Every structure is written in C-alpha cells, then in structure tokens.
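Accompanying notes for the structure given below.
Computed from a prediction, not measured in an experiment: that's the story for all the values here. Heavy-atom basis, side chains included; hydrogens, waters and symmetry copies ignored.
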Amino acid sequence: VRARGLGDGYKSQALRLAAEALAEAPNDPALLAVATDAAWRLEYGTEALAYAQLWVANSVTDLDRVEALRFSARLHHELLQFDRRDEVLSRLEALAGELPAGMARGRCAGAVAQVHMLAKRSTEAVEWADRAIAEAKLPDEVKRQGVTTKKKSPAILLCVNLISPDKRYDQLYLSNY
C-alpha cells in the first residue's frame with residue numbers, strides 16, 4: 001500500500017491514492033484505514049466518517065475492528081453527533097467484553113477510555129484506562145494465546161478440614177492454617 005508510507009505533508013496525495021486504490025479494492029481494510037486517516041487529517045470529517053464506517057464493516061482482525069470503531073466514535077464526536085458517538089462507544093464496550101485477554105482487548109479498553117475522555121466522563125475514562133494498563137501487564141504468553149476469566153465461580157474448588165486428633169492444638173491455633 002503506497003499511501004501508507006506517506007507523511008503528513010502529503011495528506012492530499014495519500015487520500016487521492018487511497019481513493020484510487022479503493023476503486024479497485026473497495027473493501028480493503030488497510031486502504032480504508034489510510035483513507036479515513038488522510039481525510040481526517042485534511043479535516044474532511046464527513047468523508048472521513050464515511051470511510052471509517054466502511055472500515056468498520058470490512059474489518060478482518062480484532063485489532064482492526066477496534067481501531068476502526070475508535071476512529072468512528074472520534075469522528076462522530078468531532079461532528080457533534082454525540083448520540084452516534086455513544087452508540088459506537090457501546091459497541092466498543094461490548095467488544096471489550098467479548099475479546100480474549102491480550103493485545104486487542106487492551107487496545108479496546110484504551111479506545112473506550114479515549115472516547116469517555118472526549119465525552120468528558122473522567123471517572124469512566126480512568127476505569128477503562130486502568131483495564132488497558134492491566135491488559136498491558138499480562139505475561140506475553142497470555143497476550144499471545146488469550147485467557148477467558150470469570151469474576152467468580154459457584155463451584156467449590158477445594159474443602160479442607162483441619163483437626164487435632166490428640167487435642168494438642170485448639171481451634172484458634174488450627175484457624176491460622
């Protein structure tokens with residue numbers, strides 16, 4: 001993708017190249033990402049949003065979907081479409097709950113935090129930022145393979161009963177173990 005390598009000084013050319021390439025491959029997520037970013041940098045909000053929505057619809061990977069949704073929420077915010085921003089935010093929050101532990105879920109939590117900050121909801125933003133930080137601290141093996149966790153399980157894992165057959169130790173002493 002030639003358009004990806006262009007710097008900020010070539011925003012118009014990046015958008016033109018992305019648009020030309022999209023004529024041949026209209027559902028290419030990488031080209032849609034470039035077109036979204038270039039249009040946004042040129043302050044073509046409505047055009048950027050149209051590309052972002054196509055990007056969301058054509059995302060293949062979890063990371064790509066997270067980034068496309070984040071961009072879409074931001075663009076709705078900048079276009080003063082707060083209800084639409086919050087709809088996309090709800091989708092991001094739901095996605096964060098569905099993704100396995102790892103990079104995509106961490107990025108999703110970070111995206112949710114960013115959108116909450118845009119909406120001036122600092123408490124929610126901090127909570128989601130903490131989740132993103134927690135994901136980043138997971139061991140590499142967990143980030144690669146993912147882990148599904150539950151807050152609690154109703155099943156009893158182990159039950160232990162300590163006794164002192166010769167009555168040498170009282171209940172208080174045994175309760176320390």
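Using a 4.0 Å cut-off between charged nitrogen and carboxylate oxygen, E78 and R74 count as a salt-bridge pair. A salt bridge is absent between D64 and R107: the closest approach of a Lys/Arg side-chain nitrogen to an acidic carboxylate oxygen does not fall below 4.0 angstrom.
Counting non-hydrogen atoms of other residues, nucleotides and ligands closer than 6.0 Å to CZ of R91 gives a total of 12 or fewer. Environment of CG in D83: sparse, with no more than 12 heavy atoms of neighbouring residues, nucleotides or ligands closer than 6.0 Å.
Once rounded to the nearest 0.5 Å, the distance linking CG of L63 with CZ of R105 reads 13.0 Å. Between atom CG of residue N27 and atom CH2 of residue W55 there is a gap of 15.0 Å, rounded to the nearest 0.5 Å. We find the CZ-CG distance between R84 and L79 to be 10.5 Å, quoted to the nearest 0.5 Å. The structure places CZ of R70 at 13.0 Å from CG of L89, a figure rounded to the nearest 0.5 Å. Atom OG of S59 is separated from atom CD of E67 by 9.5 Å, given to the nearest 0.5 angstrom. Remark: Q53 CD to L69 CG distance equals 10.5 Å, nearest 0.5 Å.
Here the closest heavy-atom approach between residue A25 and residue L31 is recorded as O-CD1, 4.1 Å. Closest approach of N58 to P29, counting heavy atoms only: O-CG, 3.2 Å. Taking both residues in full, the closest heavy atoms of A132 and G106 are given as CB-O, 3.5 Å, listed atom of the first, atom of the second, then distance. Residues A73 and R85 come closest through the heavy atom pair O-CG, 3.5 Å. Shortest non-hydrogen contact noted between T36 and A52 is OG1-N, 3.2 Å.
Members clustered with V126: none, using a 4.5 Å side-chain heavy-atom cutoff among hydrophobic residues.
A continuous path of hydrophobic side-chain contacts links L54 to Y44 [ILVMFWY only; heavy atoms under 4.5 Å]. If you chain together hydrophobic residues whose side chains sit under 4.5 Å apart, V112 and I133 never meet in one group. There is a path of hydrophobic side-chain contacts, each under 4.5 Å, that joins L32 to L42. In this structure, L118 is not a member of the same hydrophobic cluster as L92, with clusters built from ILVMFWY side-chain heavy atoms closer than 4.5 Å.
Put simply, the side chain of E135 gets close to the backbone of G102: a donor and an acceptor are under 3.5 Å apart.
Counted by atom type alone, H76 and Q81 present one or more donor-acceptor pairs between their side chains at under 3.5 Å. Checking Q114 against H77 by side-chain atom types alone, no donor-acceptor pair falls below 3.5 Å.
The shortest distance between side-chain heavy atoms of V66 and L99 falls below 4.5 Å. Between D62 and R65 there is a side-chain heavy-atom pair separated by less than 4.5 Å.
Using bins of under 30°, 30° to 60° and over 60° for the plane-to-plane angle, the ring pair F71/W40 lands in the perpendicular bin.
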